[in-house]
2 protein chains.
Amino acid sequence: MSSAANVAPAPTELTNRLGYLLKHAQMRLSELTGAALEPFGLNGRDLAVLIVLAEAGAESQQEAARRLGIDRTTMVAFVDVMEGRGLVERRTHAGDRRKNVVVLTDTGRDTLERATKAAEAAEQQFLAPLTKRAGQQLKSDLLAVIRS
Amino acid sequence: MSSAANVAPAPTELTNRLGYLLKHAQMRLSELTGAALEPFGLNGRDLAVLIVLAEAGAESQQEAARRLGIDRTTMVAFVDVMEGRGLVERRTHAGDRRKNVVVLTDTGRDTLERATKAAEAAEQQFLAPLTKRAGQQLKSDLLAVIRS
DNA sequence: TATTGTTATACTCTATAACTATA
DNA sequence: TATAGTTATAGAGTATAACAATA
């Protein structure tokens, strides 16, 4: 790997374009994660929504959407699906009756836990070509560029 | 950065999901690249297509689609747009008249060169939070996981 | 019969605009 | 008047199916 990193390919080479690398990395991870989550009837996006809803706690449905970076109208559909599967429940906010608080059911929490483990395994598979340290570095570097 | 990388956040934390990181990295890069390429009337995908067509040389339109990982019917539309802008020309393959060879015009080559530089600058901006070495490592690690 | 390019069509994902109920 | 949730609708991006020309 380190020798390959020193070669510095031409900018007009597809495999040297960051956009290409990110897109195809996402495609590959999506394949692996999709297969891993298939037994739960979820995909990677669904799991992300479930994670945020679990984190959001007493907050509103719209606040959860903001965290995910998706539109509130899109969130409605996601919550509909999750609710239809008995993973979450909508409850009216105590102090503001316009708001929905979305809470995980027992089934939802159990599914979240098991699906997260399956997704973790898919990530490990995805990162297998790298050392454990390099894999962690990849994630922390991605987080750094996102937050800038 | 290095201290943050040692904290190992919980799997059920959104910012620790690789899918989330890749998606949002792509969104951010897309913003920067979109702005950088806007003067050329191109976006990141258009540039990728142009790069592949430039690389493809005497090969067919369909071979270029395969390299990009997109459908041949999608490639038709891309080539239509590029041809409409005078960046490429379709020519019938000498040995197999079913095939199109897509070649860049002089304008196309010039645009490719300048747009690539602009996209490179956007990448640098995207990678600014990292050291130059870490940025190169990020790209080579992404390439490694894609190729596995 | 198989393949390339093309067209028409449909599907997925997401956002915008408008509605309602609450504030 | 403003905000949360919802609904209907539209748009971008992509793929699948069917067709003509060629192999």
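Throughout, a chain's letter reflects where its sequence line sits, starting with A, and its residues are numbered from 1.
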Distance test, side-chain N/O of [X] to OP1/OP2 of [N], below 4.0 Å:
X: B:Gln62; N: C:dT3; answer: no
X: B:Thr74; N: D:dA15; answer: yes
X: A:Arg97; N: D:dG5; answer: no
X: A:Arg90; N: D:dA4; answer: no

Between [N] atom [atom2] and [X] atom [atom1], what is the distance in whole Å?
X: B:Met75; N: D:dT14; atom1: CE; atom2: P; answer: 12 Å
X: B:Met82; N: C:dG5; atom1: CE; atom2: P; answer: 16 Å
X: B:Glu63; N: C:dG5; atom1: CD; atom2: P; answer: 10 Å
X: B:Glu83; N: C:dT6; atom1: CD; atom2: C1'; answer: 13 Å
X: B:His93; N: C:dG5; atom1: NE2; atom2: P; answer: 10 Å
X: B:Lys99; N: C:dT6; atom1: NZ; atom2: P; answer: 14 Å
X: B:Leu68; N: D:dA15; atom1: CG; atom2: C1'; answer: 16 Å
X: A:Phe78; N: D:dT6; atom1: CZ; atom2: P; answer: 14 Å

State whether [X] and [Y] are salt-bridged, where the test is any N-O pair (Lys NZ or Arg NE/NH1/NH2 against Asp/Glu carboxylate O) under 4.0 Å.
X: B:Glu113; Y: B:Arg109; result: no
X: A:Arg72; Y: A:Glu63; result: no
X: B:Asp141; Y: A:Lys139; result: no

side-chain contact (heavy atoms from CB on, under 4.5 Å) evaluation trace for B:Leu104 with B:Leu87: CA-CA 6 Å; B:Leu104 270 67; B:Leu87 303 178; over 6 Å; no
Go through [options] for me and flag the one nearest to the [X] side chain.
X: A:Gln61; options: D:dG13, D:dA23, D:dG5; result: D:dG5
X: A:Thr73; options: C:dA17, C:dG5, D:dG5; result: C:dA17
X: A:Asp80; options: D:dA15, D:dT7, C:dT22; result: D:dT7
X: A:Arg98; options: C:dA21, D:dT22, C:dA17; result: C:dA21
X: B:Asn100; options: C:dA21, D:dA15, C:dG5; result: C:dG5

Stepwise side-chain contact (heavy atoms from CB on, under 4.5 Å) check, A:Glu120 with B:Arg17: CA-CA 8 Å; A:Glu120 282 273 293; B:Arg17 300 246 48 89; 3.7 Å; yes
Sugar-phosphate, base or nothing in reach of A:Arg72, heavy atoms under 4.0 Å: base
Sugar-phosphate, base or nothing in reach of B:Asp71, heavy atoms under 4.0 Å: base
Nearest-nucleotide comparison on DNA chain C, the residue closer to the 5′ end among B:Val76 and A:Asp96: B:Val76
